[in-house]
Amino acid sequence: MAILPIVEVPDPRLRLISEPVAEVTDELRDLIADMFDTMYDAPGIGLAAIQVGVPKRLIVMDLQENQDEDGKPIREPRVFINPEILDPAEEQSVYTEGCLSIPEQFADVERPARCRVRWLDENGAAHDELFEGLLATCIQHEMDHLQGIVFIDHLSRLKRDMILKKLNKARRAAA
Ligand SMILES: [Zn+2]
């Protein structure tokens with residue numbers, strides 16, 4: 001178990017197209033555990049393997065939408081190996097997205113409101129489900145990472161440049 005360093009823009013690794021996972025091994029399960037540690041620590045709700053520098057088609061996610069009676073988020077970890085998006089809805093929805101690779105920056109992104117997702121879990125079992133709401137948005141955001149795309153690529157050049165400028169300013173202030 002370990003918290004891994006998160007790859008941030010403009011690191012060129014975020015532009016790589018990730019390779020399919022050939023086999024679900026113990027080594028892969030160790031990486032999954034480390035990715036969850038890293039995601040919860042950040043904190044974030046989703047993380048693609050390339051965000052910790054591993055170009056494999058692997059995503060961990062936990063929306064933590066529900067809380068227990070003490071107000072603590074209930075963990076519902078999900079693992080997606082070699083995920084595929086099928087039948088994206090024509091209807092779009094807008095969410096204010098953020099990304100651990102573009103820290104503290106947020107912007108509205110429009111994506112299909114629903115999609116079907118097919119994937120393998122950490123035991124190698126196949127799943128096929130219809131996603132909607134934040135789950136649909138989050139899986140599409142993370143799938144983009146597997147294709148070398150980050151959420152600000154969906155924005156106008158003006159908005160994208162504004163975010164990168166704000167990010168650089170925040171980095172200089174923190175240095
Ligand atoms: Zn992201």
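Every number for a ligand or one of its atoms is a count from 1 in the order of the listing. One-based numbering along the sequence shown.
The one candidate from I32, D34, V52 that meets the side chain to side chain contact (heavy atoms under 4.5 Å, CB included) condition with V60 is I32. Among V109, I163, D161, the single residue meeting the side chain to side chain contact (heavy atoms under 4.5 Å, CB included) criterion with I152 is I163.
Residue M162 holds its CE atom at 13.0 Å from CG of L167, rounded to the nearest 0.5 Å.
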Return a table of donor-acceptor pairs under 3.5 angstrom between the side chains of residues 80-87 and protein atoms on other chains or two or more places apart.
residue: N82; atom: OD1; partner: V21; partner atom: N; Å: 2.7
residue: N82; atom: ND2; partner: V21; partner atom: O; Å: 2.9
residue: D87; atom: OD2; partner: R116; partner atom: NH1; Å: 3.2

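Taking the side-chain hydrogen bond (donor to acceptor under 3.5 Å, both in side chains) definition, one finds that R118 meets it with nothing, sequence neighbours left out.
Taking distances strictly below 2.8 Å, the protein N/O/S atoms close to the Zn ion (ligand 1) are C99 SG, H141 NE2, H145 NE2.
Counting only residues at least two apart or in different chains, side chain to side chain donor-acceptor pair (under 3.5 Å) contacts with residues 11-28 comprise D11-R13, R15-D153, D26-R29.
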